[in-house]
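I have placed the structure first, in the form of structure tokens, so that the comments after it can refer back to it.
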Amino acid sequence: MQEHHQEMSNMSREDIERGVKSRGNSNNRNGYSSTPTYLIEDAEAHYWTSWLVPMFVVANVVVFIVVMYINNCPKYLHTRLEGKCVARFLGRFSFEPLKDNPLFGPSSATLERLGALEWTKVVHKHQGWRLISCIWLHAGIIHLLANMLSLVFIGIRLEQQFGFVRIGIVYLLSGFGGSVLSSLFIRNSISVGASGALFGLLGAMLSELITNWSIYINRAAALLTLLVITAINLAIGILPHVDNFAHIGGFLSGFLLGFVLLPRSQYGSQGRRNLPSGVSFKYKFKAYQYALWLVSVALLIVGFTVALVMLFKGKNGNDHCHWCHYLSCVPTSRWKCNENSL
């Protein structure tokens with residue numbers, strides 16, 4: 001969300017938001033709806049106990065509490081032109097005036113000081129760590145709850161199927177990818193939130209279904225459901241005050257990482273069923289899985305390299321893609337797109 005939050009999209013309990021706050025305006029990064037259920041034909045599939053995703057949730061909550069402690073609205077309220085702290089009975093944990101932050105959270109200055117993504121600091125002050133630190137910050141308690149509910153519904157199932165190492169890598173690299181793309185196209189904003197990482201998990205779900213196509217049943221229905229969910233949530237990003245670049249960057253990163261990290265070895269359900277009883281068989285990867293793996297690794301390396309070189313050279317993505325700002329906001333007769341939101 002951008003520096004002063006003006007509006008919040010109403011979404012389902014599983015919606016994602018990546019907050020982007022602009023100096024004087026607000027952007028919400030909103031995302032993911034519900035996830036479809038797949039039935040895997042391999043009854044012997046191994047399931048892990050999910051502990052990393054719950055730890056991510058705890059870490060985000062703890063960070064938010066620390067941020068609110070440092071924010072200390074009653075002490076610094078005199079720096080605001082108007083408004084009163086919300087929920088003043090919470091003392092130094094009370095929220096900023098709703099006119100400044102309608103999501104019940106800290107001030108923009110506090111978020112920026114503690115690691116929010118800001119183009120000038122990343123490029124000119126060499127604070128590249130903000131590309132990661134912003135993933136752990138949230139613009140308000142509403143923002144935090146929406147993201148953590150999304151993470152629980154999406155992440156736990158994936159971690160149970162693929163383990164904490166692979167899902168942790170997808171989550172962190174997707175968040176990083178979302179931050180990089182957002183920085184390339186948005187310069188006059190600070191950005192916080194985990195929507196890039198969460199959209200990455202959504203992208204990984206889609207590529208995982210594609211690369212492991214033969215071991216699933218109800219494949220077409222599952223694919224259609226995921227495509228509809230993806231289209232709806234990305235479409236939300238073209239509304240005003242919603243930054244869609246983190247969504248897109250995270251989704252693309254997670255989609256490619258799914259082909260690299262989440263393929264399952266498979267024999268082929270039809271061949272396995274036709275084997276005589278008692279005959280052993282070996283699982284193996286298929287040729288198309290190897291092809292998708294190689295292409296995805298190449299695209300990830302090239303994509304991250306080019307994007308990071310452009311970012312740290314100070315290149316503006318809008319100069320190389322004059323229509324890309326429409327991916328984040330489409331002006332209509334009812335609203336105008338804020339130039340700080342792009």
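The figures here come from the full heavy-atom set of this structure, side chains too, leaving out hydrogens, waters and symmetry mates.
Put simply, the side chain of N71 gets close to the backbone of S107: a donor and an acceptor are under 3.5 Å apart. When atom types are taken as modelled, the side chain of R219 and the backbone of W213 share a donor-acceptor pair closer than 3.5 angstrom. The closest donor-acceptor contact from the side chain of N212 to the backbone of L262 lies under 3.5 Å. A donor-acceptor pair is defined here as one N or O able to donate and one able to accept, closer than 3.5 Å; no such pair exists between the side chain of H124 and the backbone of T120. Judged by distance alone, with hydrogens and angles left aside, the side-chain atoms of E159 form a donor-acceptor pair with the main-chain N or O of W51 at under 3.5 Å. Side chain of T230 to backbone of L226: a donor-acceptor contact under 3.5 angstrom is found. Here the side chain of S94 pairs no donor or acceptor atom with the backbone of L90 at under 3.5 angstrom. Without hydrogens or angle criteria, N101 side chain to P106 main chain gives a donor-acceptor distance under 3.5 Å. Side-chain atoms of Q289 come within 3.5 Å of backbone N or O of K286 as a donor-acceptor pair.
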Do L206 and L227 pass the side-chain contact (heavy atoms from CB on, under 4.5 Å) test, and can you show the C-alpha distance, the side-chain angles, and the key distance before you say yes or no?
-> CA-CA 8 Å; L206 180 59; L227 290 176; 4.1 Å; yes

Is there a side-chain contact (heavy atoms from CB on, under 4.5 Å) between V67 and T110 once you walk through the steps?
-> CA-CA 7 Å; V67 170; T110 299; 4.0 Å; yes

Go through the steps to decide whether R113 and I70 satisfy the test side-chain contact (heavy atoms from CB on, under 4.5 Å), and finish with yes or no.
-> CA-CA 10 Å; R113 182 156 49 102; I70 295 173; 3.8 Å; yes

Intermediate values then yes/no, side-chain contact (heavy atoms from CB on, under 4.5 Å), L172 and I132 = CA-CA 8 Å; L172 294 175; I132 292 294; 5.6 Å; no

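Residue S50 comes nearest to Q160 through the heavy atom pair CB-CG, 4.1 Å, listed as atom of the first residue, atom of the second, then distance. Shortest non-hydrogen contact noted between G258 and S207 is CA-OG, 3.1 Å. Across every non-hydrogen atom of S108 and I190, the tightest pair is O-CD1, 3.6 Å. Nearest heavy-atom pair across A204 and V170 is CB-CG1, 3.9 Å. In terms of heavy-atom proximity, S195 sits nearest to N147 at N-ND2, 4.3 Å. Taking each heavy atom of I229 and L202 in turn, the nearest pair found is CG2-CD1, 4.3 Å.
Legend: residues meeting side chain to side chain donor-acceptor pair (under 3.5 Å) with Q127, ordered by chain and number and at least two apart, are R130. With sequence neighbours excluded, no residue forms a ring-ring contact (aromatic ring centres under 6.0 Å, His included) with F64. With sequence neighbours excluded, no residue forms a ring-ring contact (aromatic ring centres under 6.0 Å, His included) with Y288. In terms of the ring-ring contact (aromatic ring centres under 6.0 Å, His included) criterion, residue partners of F104 (sequence neighbours excluded) are, by chain and number, F95. Residues satisfying the ring-ring contact (aromatic ring centres under 6.0 Å, His included) criterion with F259, sequence neighbours excluded, are F255.
Distance check, rounded to the nearest 0.5 Å: CG of L145 to NE2 of H138 gives 9.5 Å. Taken from CD1 in I154 to CZ in F199, the straight-line distance is 8.5 Å, to the nearest 0.5 Å. In this structure, the separation between CG on L114 and CG on L137 is 6.5 Å, given to the nearest 0.5 Å. With values rounded to the nearest 0.5 angstrom, Y171 atom OH is found 15.5 Å from F176 atom CZ. With rounding to the nearest 0.5 Å, the separation of CG in N244 from CD1 in I186 is 9.5 Å. Here the straight-line distance linking atom CG of D319 with atom CZ of F185 works out to 9.5 Å at 0.5 Å rounding.
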Hey, can you pull the donor-acceptor pairs under 3.5 Å for the side chains in residues 293-310, sequence neighbours left out?
| unit_1 | atom_1 | unit_2 | atom_2 | d |
| --- | --- | --- | --- | --- |
| W293 | NE1 | V260 | O | 3.2 |
| S296 | OG | L292 | O | 2.8 |
| T305 | OG1 | I301 | O | 2.6 |

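In this structure, S265 and K284 have side chains that are not in contact, with every pair of non-hydrogen atoms separated by 4.5 Å or more. A heavy-atom distance below 4.5 Å is found between the side chains of Y47 and Q161. Contact check for L151 versus L201: side-chain heavy atoms found under the 4.5 Å cut-off. Two residues are said to be in side-chain contact when any heavy atoms from C-beta on lie closer than 4.5 Å; C85 and E96 fail this criterion. Side chains of V122 and L311 form a contact here, defined as non-hydrogen atoms less than 4.5 Å apart. Put simply, the side chain of M205 reaches to within 4.5 Å of the side chain of R157, judged on heavy atoms. No side-chain heavy atom of N188 sits under 4.5 Å from any side-chain heavy atom of W119. Two residues are said to be in side-chain contact when any heavy atoms from C-beta on lie closer than 4.5 Å; L198 and S150 meet this criterion.
S182 and S179 are not linked by any side-chain donor-acceptor pair at a separation below 3.5 angstrom, with hydrogens and angles left out of the test.
Hydrophobic clustering (side-chain heavy atoms under 4.5 Å, transitive across Ile, Leu, Val, Met, Phe, Trp, Tyr) groups V165 together with L158. Clustering ILVMFWY residues whenever any of their side-chain heavy atoms sit less than 4.5 angstrom apart, transitively, puts V180 in a cluster other than the one holding W129. Under the 4.5 Å side-chain heavy-atom criterion for grouping Ile, Leu, Val, Met, Phe, Trp and Tyr, L117 is connected to F312 within one hydrophobic cluster. Residues M55 and M148 fall within the same hydrophobic cluster, defined by Ile, Leu, Val, Met, Phe, Trp and Tyr side chains chained together at heavy-atom separations under 4.5 Å.
The number of heavy-atom neighbours closer than 6.0 Å to CZ of F164, taken from other residues, nucleotides and ligands shown, is 12 or below.
Ion pair E208/R264 flagged as a salt bridge, since at least one NZ, NE, NH1 or NH2 atom sits closer than 4.0 Å to an Asp/Glu carboxylate oxygen.
Across N60, I65, V58, a single residue satisfies side chain to side chain contact (heavy atoms under 4.5 Å, CB included) together with V62, and that is V58.
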